[in-house]
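Remarks on the structure that follows.
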There are 2 protein chains.
Amino acid sequence: MNDPAVTTLGYALLGLIGQSPRSGYRLRLVFETTPLGTYSSSPGSIYPALKRLERAGLVRREAAGGGKPLFHLTGTGAAALQSWLERPVDAEEAIDREIALLRFAFLEGHRDRTLSLSFLAGFAAAAKGQVDALASFLAGEEGRALSLQSRLAVEHGLASARASLGWAEQAQDRLSAEIQKEKVR
Amino acid sequence: MNDPAVTTLGYALLGLIGQSPRSGYRLRLVFETTPLGTYSSSPGSIYPALKRLERAGLVRREAAGGGKPLFHLTGTGAAALQSWLERPVDAEEAIDREIALLRFAFLEGHRDRTLSLSFLAGFAAAAKGQVDALASFLAGEEGRALSLQSRLAVEHGLASARASLGWAEQAQDRLSAEIQKEKVR
DNA sequence: CCAACCATGTAAGCTGTTACATGATTGA
DNA sequence: TCAATCATGTAACAGCTTACATGGTTGG
C-alpha cells in the first residue's frame, strides 16, 4: 500500500465515498449487495475502518442540512485515493487480480480516461507476465515433474491469467470506442 | 473450515506433509519456490502454524534414524485432511477459487480418482453458479445502472468464472482419459 | 403494537506481517 | 575464513471475524 495505514478495505471505502458521500450504514449495504462484498464486511470491520480513516484525516463526517452525518473525502483523502488509483499494476496484483479490478472500477471517477487506458495496458502486461511465468514453470524442470492434478491446478492459474489478458484487450477496445464517441459528441 | 482450529495455511501444510514428511524449513521452501506461495509465507507464519497443528494433535515431529526431525501426519491429522479434501465446493470457493484448487491438487493423494472427478463436477457447478449470478447481476436493474468501467470490472469476474468453468470441463476429460489408460494397463 | 429495518458501535480472539535474533553447516 | 544458506524460532503490531449490545424509526 502507498499509505501504510490504509488497507484494501480502506481504499474501497475511500473510493465509494469519493463517488458520493454516504453514511457508514449505506457503505455497508454496498458491500452486502454488490460483488464488492468480496472485500467482505460486517459492522465489526467497516465501522472501525471508517474510524481509522477519520483519525488519519482522510475522511470527515459532515451533517448537511440537519440530516445524518455523511462521510466526505478530505483533500488528503482524495490525494491518497488518487495516488493509489494511479499506482502501476505490479506482479502481486497480477496474481490477485481483484485488487487491481477494484482500482479500475474507481478510476472511472476521473475525467481523464487515458488514466484508465494506461491502467489497462499495465494490467495486460502484468497478466501477460503471469501467463509467461506459469507457462515456463510448467515447461521447466519442476513443471514437468508435476503429477497430472498438480499440473492441472497450475493450468487453472494459467487459464485464469489468460482470461484476464483477453479481458484487458477487449476492455481497451471498448473504452477507446467510448472515448471516440465522446469526442465526436 | 471443517476444523475451526485449522486455517488454509494449516491445510496446505497438512497436504504437503501428507505427500511426504518434511522439516519446517523444507515446507517453507515449497511456499517460496512454487505457485503455492500464494498461501504466502515467512517463518513468522509457518512455524507458529506448525506448532498449532502439533498442539492440536494433527502432526507429530519424528526423527527417523538420527536425522533432523520431520513432520508426519497423525491419524487425526490424516482424517482432518481427508474431510477437508472431500468437502463439497461451496459458493465461497466459487468466488475465491484458489482454495478449491489447492484442495484439488492434494486430492491426488487418493487412490480413488472418482473423488477428483466428483470434485471437478462440483467445481464446475459452482463456477456455473457464479457465471449465472454475475450474468444476471449485469442484466438486472443494478447492473444496467453501472457505468462502463464498473460493468467492465464485473465482466472481468464473469470472464474469470467462465475460464474456470472451461478449465473444469477440460480437466474432467483429461482425468477420465488417464483413468481409462490406467484401467487398460 | 410488534416486527423489520435503520444505524452505530464494542470486545475477545486469532492469524498473519514484519522485523529481529540465533546458531550450525557448507563451499569458495 | 567468510559469506551464504540451512534451520528455527520470538515479539510487536494490526486487521479481520464473530458475536454481542443498543436504540431509533417505520409500516402493517
Side-chain angles (χ1 to χ4, degrees), chain A residues 1-14 16-17 21-33 36-56 58-64 66-71 90 92 95-96 98-99 102, chain B residues 1-14 16-17 21-33 36-56 58-64 66-71 90 92 95-96 98-99 102:
Chain A
M1 301 290 138
N2 256 336
D3 194 324
V6 186
T7 67
T8 303
L9 174 58
Y11 282 116
L13 290 169
L14 285 181
L16 287 173
I17 294 168
R22 271 177 263 226
S23 69
Y25 183 71
R26 289 293 149 191
L27 288 165
R28 239 189 77 200
L29 287 190
V30 175
F31 288 94
E32 266 177 17
T33 62
L36 217 59
T38 320
Y39 309 98
S40 121
S41 294
S42 43
S45 58
I46 294 207
Y47 290 110
L50 284 169
K51 206 177 276 181
R52 284 196 299 275
L53 293 175
E54 202 178 13
R55 265 206 309 272
L58 304 177
V59 303
R60 185 176 55 229
R61 267 172 237 249
E62 231 172 275
K68 308 201 179 299
L70 304 180
F71 287 96
D90 60 24
E92 202 196 324
I95 295 169
D96 194 7
E98 294 191 56
I99 296 176
L102 183 65
Chain B
M1 300 289 138
N2 257 335
D3 194 324
V6 186
T7 67
T8 303
L9 174 58
Y11 282 116
L13 290 169
L14 285 181
L16 288 173
I17 294 168
R22 271 177 263 226
S23 69
Y25 184 72
R26 289 293 148 194
L27 289 165
R28 239 189 77 203
L29 287 190
V30 175
F31 288 94
E32 267 175 19
T33 62
L36 215 61
T38 319
Y39 310 97
S40 124
S41 292
S42 43
S45 58
I46 295 207
Y47 290 111
L50 285 169
K51 206 176 277 180
R52 284 196 297 275
L53 294 175
E54 202 177 13
R55 264 207 311 272
L58 304 177
V59 304
R60 185 176 54 227
R61 267 171 237 251
E62 231 171 273
K68 309 204 177 297
L70 304 180
F71 287 97
D90 60 24
E92 201 196 326
I95 295 169
D96 193 9
E98 294 191 56
I99 296 176
L102 183 65

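Fair warning: this is a prediction, and the values are worked out from it, not measured in the lab. Note on naming: letters A, B, ... go to the chains in the order of the sequence lines (proteins, then strands), and numbering restarts at 1 for each one.
- Comparing C/dC6, C/dG16, D/dT5 against the side chain of B/Y25 picks out D/dT5 as the nearest.
- If you check C/dT15, D/dG15, D/dA7 against the side chain of A/T7, the one that comes closest is D/dG15.
- Nucleotide C/dA19 holds its C1' atom 16 Å from the OH atom of B/Y47, rounded to whole Å.
- Contact annotation: the side chain of B/D96 never approaches that of A/T38 to less than 4.5 Å [non-hydrogen atoms, C-beta and beyond].
- Picking from C/dT8, C/dT10, C/dG16 the nucleotide with the shortest atom distance to the side chain of B/L9 gives C/dG16.
- For the side chain to side chain contact (heavy atoms under 4.5 Å, CB included) test, residues two or more places apart in sequence or in another chain that qualify with B/E54 are B/V59, B/R61.
- Put simply, the side chain of A/F31 reaches to within 4.5 Å of the side chain of A/L16, judged on heavy atoms.
- Atom CD1 in A/I46 sits roughly 13 Å away from atom C1' in D/dT17 (whole-Å rounding).
- In this structure, B/L29 places its CG atom 9 Å from C1' of D/dC6, rounding to the nearest Å.
- For the pair B/E98/B/T8, no side-chain contact is recorded, criterion being any heavy-atom separation below 4.5 Å from C-beta on.
- For B/R61, whose side chain is taken as the heavy atoms from C-beta onward, the closest listed nucleotide among D/dG9, C/dT10, C/dT15 is D/dG9.
- When rounded to the nearest whole Å, the span between CD of A/E32 and P of C/dC5 equals 12 Å.
- Comparing C/dT18, D/dT8, C/dT10 by their nearest atom to the side chain of B/S23 picks out D/dT8.
- OP1 or OP2 of C/dT17 has at least one side-chain nitrogen or oxygen of B/S45 nearer than 4.0 Å.
- Heavy atoms of B/R28 sit under 4.0 angstrom from at least one base atom.
- Rounded to a whole Å, the CZ atom of B/F31 is 16 Å from the C1' atom of C/dT17.
- The phosphate of D/dC6 has neither OP1 nor OP2 within less than 4.0 Å of any side-chain N or O from B/R26.
- One interatomic measurement links the two molecules: NZ of A/K51 to C1' of D/dA14, which rounds to 16 Å at whole-angstrom precision.
- Put simply, CZ on B/R52 is 16 Å from C1' on D/dT8, counting in whole angstrom units.
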With B for base contact, S for sugar-phosphate-only contact and - for none (protein heavy atoms under 4.0 Å), nucleotides 19-25 of chain D reads -------
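- Taking atom OH of B/Y11 as the reference point, atom C1' of C/dT15 lies 15 Å away to the nearest angstrom.
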